[in-house]
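Only this structure's heavy atoms are used, side chains among them; waters, hydrogens and symmetry mates stay out.
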Amino acid sequence: MDRQWKWRTVVAILLTALSVLMLLPTFVGVENEGEEARLPKWYTNIFSQRLTLGLDLQGGVHLQYKVDIEEALARKTSQLAGNLQNAFREEYKIDVKTKAGTGKKGVEEVTTLTLTFPTPEDTNKLDNDFLRKQTLEFIVAGVSENVATLVMTDDAIEQFSEGAISQAIETIERRVNEFGVAESSISKRGDGDLVVQLPGVKEQEFAAAKEKLSQTGQLHFQIVDRQGLPEFFGKVMKRQPSADNWPTDESLNRDSKKTEELKKHVTYASNSNIRSTSREILEYMVKGQLDQDHVVGYEEIFVNPKDKLLTPITTLTKDQEQLLRKAKDFSPDAPVVKAYELHYMFSLHGMSGENVEDANVGYDSFNRPVVQMRFNQIDADRFYEMTKKFTQELMAIMIDDVVYSAPRIKEPIGGGRVQIELGAAGAQAQKEATALVAVLKSGALQAPLRKIYDSQVGATLGEDSIESGKFACLIGTALVVVFMLIYYKMAGILANGALLLNILFIFAGLTAFGATLTLPGIAGIVLTVGMAVDANVLIFERIREEVQTGVAVRKAIELGYEKALSSILDANITTLIAAIVLYQFGSGPIRGFAVTLAIGIISSVYTAVIVTRLAFQFIYCRGSKEPQKISI
């Protein structure tokens, strides 16, 4: 055996050893949570990855969302209405009434905006130059007397829709990563549906996973109406329910058990603050009290239920807050519980956060944590105009109707770079800054998401799938092994050894690349088992032909591999191209099949062409004496 083949032998041994070392954490590592580690820490630090199973094999969470494009377009139109009102008032000193389309009425209607001017002559002020300063997506569709109609262009609607779906996928991916599910799958289905799969999420983690993904709302900023707040809160206070005089509204009386639970909750209401340990009670109090120019938001707080004022407690750690969020039932005797505070804001004075480019935690000159946020140029100008008009007012930072912070605008902010001061130092301020950055970075959705369906795939289905897959693999492998032994004798033993090595390399490859083994992936392994011996069949038949024509054994082996190589490469390269196409254009199970197939093809070519050749070299090509026969 020459030096070249000796080096190939060393490489094959090293690859085999490396594959075994990589797979040890999967088969010997911790099986159950809390169980003592079976491998040394230094070992698991080096070989930290384990072979991960897909949703169909180990169970987990399956969710489906609808990207609500109509609702997002309606909000965009409503925001433009507010911007145009402000622009006409500042530039021309006229009050223009606007009417924007609302959601769930069709894309054409929600992207239509009507402007009613004081006089017909004022409509001339709506020229192209003025409109371009406010938006490039709407055009003037018509003018009749003192009413002008604006519509969003088809290209703008299409571009907005595509961007909203892409952004929704990216945002969900960030939130899933925060949840810690590395082998998650997020795919588009149909026009606007998104399917999210979280393999390995256990039953006790199901609620937490859904809660994390339920935050897939739209980030936006709204100005708080401080002047109108006392009057509004005064009306809302009158609807405060009490256990002795419980309202008959359906929202508070869905069933007797739920009603009794709600009666235990605590609510504090005044002209300046309204807080409750039940969001349902706050929603009931607000019901029917809002006009079209205002919206409300609910801020999550933590309070002592025995405190009549329900004063927010801000000294809890992140872990303590997480524990309180998981509490299913309300207890009036608990020292601290989760509660909600009501906020009252203008609906037209605000802007969306779809163009927040970045957010991070920074520090001011006194080394206090601050939140630094950056807009793109389009929204930078809008943010400047909004902060210029509403200096010294409060600006609520929201995802859907949940308020996460309401800082005061100290001065007009230009250039798109915003700094939110928390006014404190220490671990608590750091925690608040980090939480707010997570909201700004993960909440920048152009269109809200509506949950259509969610389910948990049980472990039983996964176990059944694994057993079926194991049985299929064993039967397929056993049939191939028996055939090769009977038909090719000693050469069949070498081919079977290469086949087992091929399976080892496939599992090691899936582990190395962090790929997920799914049920279609098992099908790919079964297919690879059949294809793996196909290359050996071509080689062995070529060697047989050469031996039958009288060629010496060593020369026959050499010619057999040389003549079969082109056919092997042609067949496997075309299959590899098909696997790449499946991965590129497929999704979910199709991709799982493609990944396993691609790794299997590369591994089978290596084991069939290199490993079996090494075995032949070791058996028949050592020493100077020419072997007289070959078992094939």
Does any part of the side chain of [Y], heavy atoms only, come nearer than 4.5 Å to the side chain of [X], both counted from C-beta?
{"X": "Val595", "Y": "Ile599", "answer": "yes"}
{"X": "Phe483", "Y": "Leu479", "answer": "no"}
{"X": "Leu501", "Y": "Leu15", "answer": "no"}
{"X": "Val361", "Y": "Leu436", "answer": "no"}
{"X": "Val195", "Y": "His62", "answer": "yes"}
{"X": "Phe302", "Y": "Leu324", "answer": "yes"}
{"X": "Ile630", "Y": "Ile557", "answer": "yes"}
{"X": "Met484", "Y": "Val533", "answer": "yes"}

For [X] and [Y], indicate whether the former's side chain and the latter's backbone hold a donor-acceptor pair under 3.5 Å.
{"X": "Thr528", "Y": "Gly600", "answer": "no"}
{"X": "Gln320", "Y": "Thr317", "answer": "yes"}
{"X": "Asp379", "Y": "Phe375", "answer": "no"}

Interatomic distance, [X] atom [atom1] to [Y] atom [atom2] [nearest 0.5 angstrom]:
{"X": "Phe507", "Y": "Ser603", "atom1": "CZ", "atom2": "OG", "value": "11.0 Å"}
{"X": "Leu510", "Y": "Ile525", "atom1": "CG", "atom2": "CD1", "value": "6.5 Å"}
{"X": "Leu194", "Y": "Leu63", "atom1": "CG", "atom2": "CG", "value": "11.0 Å"}
{"X": "Leu73", "Y": "Phe160", "atom1": "CG", "atom2": "CZ", "value": "5.0 Å"}
{"X": "Ile602", "Y": "Thr607", "atom1": "CD1", "atom2": "OG1", "value": "12.0 Å"}
{"X": "Ile169", "Y": "Tyr65", "atom1": "CD1", "atom2": "OH", "value": "13.5 Å"}

Next on the checklist: Can you confirm whether the side chains of Tyr363 and Gln430 place a donor and an acceptor under 3.5 Å from each other?
Outcome noted: yes

Next on the checklist: Under 3.5 Å, is there a donor on one side chain and an acceptor on the other for Ser604 and Asn502?
Outcome noted: no

Item to check | Residues Ile165, Lys188; criterion side chain to side chain contact (heavy atoms under 4.5 Å, CB included); working and verdict | outcome: CA-CA 8 Å; Ile165 293 173; Lys188 179 183 174 184; 4.2 Å; yes

Nearest heavy-atom neighbours spanning [X] and [Y]:
{"X": "Leu219", "Y": "Leu440", "result": "CD2-O, 3.7 Å"}
{"X": "Thr612", "Y": "Ala495", "result": "CG2-CA, 4.4 Å"}
{"X": "Ala508", "Y": "Met22", "result": "O-CE, 3.6 Å"}
{"X": "Ser19", "Y": "Leu504", "result": "CB-CG, 3.9 Å"}
{"X": "Ala556", "Y": "Val547", "result": "CB-CG2, 3.7 Å"}
{"X": "Ser161", "Y": "Ile69", "result": "OG-CG2, 3.4 Å"}

Next on the checklist: Go through it in stages, so that I can follow the logic: the residues are Ile503 and Thr477, the test is side chain to side chain contact (heavy atoms under 4.5 Å, CB included), and I'd like the CA-CA distance, side-chain angles, deciding distance and then a yes or no.
Outcome noted: CA-CA 10 Å; Ile503 295 175; Thr477 304; 4.3 Å; yes

Item to check | Heavy atoms of other groups near Asp401 CG, more than 12 under 6.0 Å | outcome: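 Yes, because the 6.0 Å sphere around CG of Asp401 holds more than 12 heavy atoms from other groups.
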
Next on the checklist: Using the rule given for salt bridge (Lys or Arg N to Asp or Glu O under 4.0 Å), can you reason through Lys338 versus Glu321, listing the C-alpha separation, both sets of side-chain angles and the distance that settles it, and then say yes or no?
Outcome noted: CA-CA 8 Å; Lys338 181 176 68 173; Glu321 291 181 356; over 6 Å; no

Next on the checklist: Checking Glu546 against Lys563 for the salt bridge (Lys or Arg N to Asp or Glu O under 4.0 Å) test, could you report, in this order, the C-alpha distance in whole Å, the side-chain angles of both residues, the deciding distance, and whether it holds?
Outcome noted: CA-CA 11 Å; Glu546 298 298 330; Lys563 292 182 178 181; 2.7 Å; yes

Next on the checklist: Applying ring pair (Phe, Tyr, Trp, His ring centres under 6.0 Å), can you list everything that pairs with Phe540, at least two apart in sequence or on another chain?
Outcome noted: Tyr488, Phe616

Checklist entry - Given the rule in the side chain to side chain contact (heavy atoms under 4.5 Å, CB included) test, do Arg542 and Leu559 qualify, once you have shown the distances and angles that lead to the verdict? => result CA-CA 8 Å; Arg542 285 289 188 178; Leu559 292 174; over 6 Å; no

Next on the checklist: For Val611 and Arg613: C-alpha separation, side-chain torsions, deciding distance, then whether side chain to side chain contact (heavy atoms under 4.5 Å, CB included) applies.
Outcome noted: CA-CA 5 Å; Val611 175; Arg613 179 74 182 273; over 6 Å; no

Checklist entry - Taking the six-membered ring of Tyr561 as reference, does the NZ or CZ atom of Arg554 fall below 6.0 Å from its centre and within a 45° cone about the axis? => result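 Checked: cation-pi criterion not met.
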
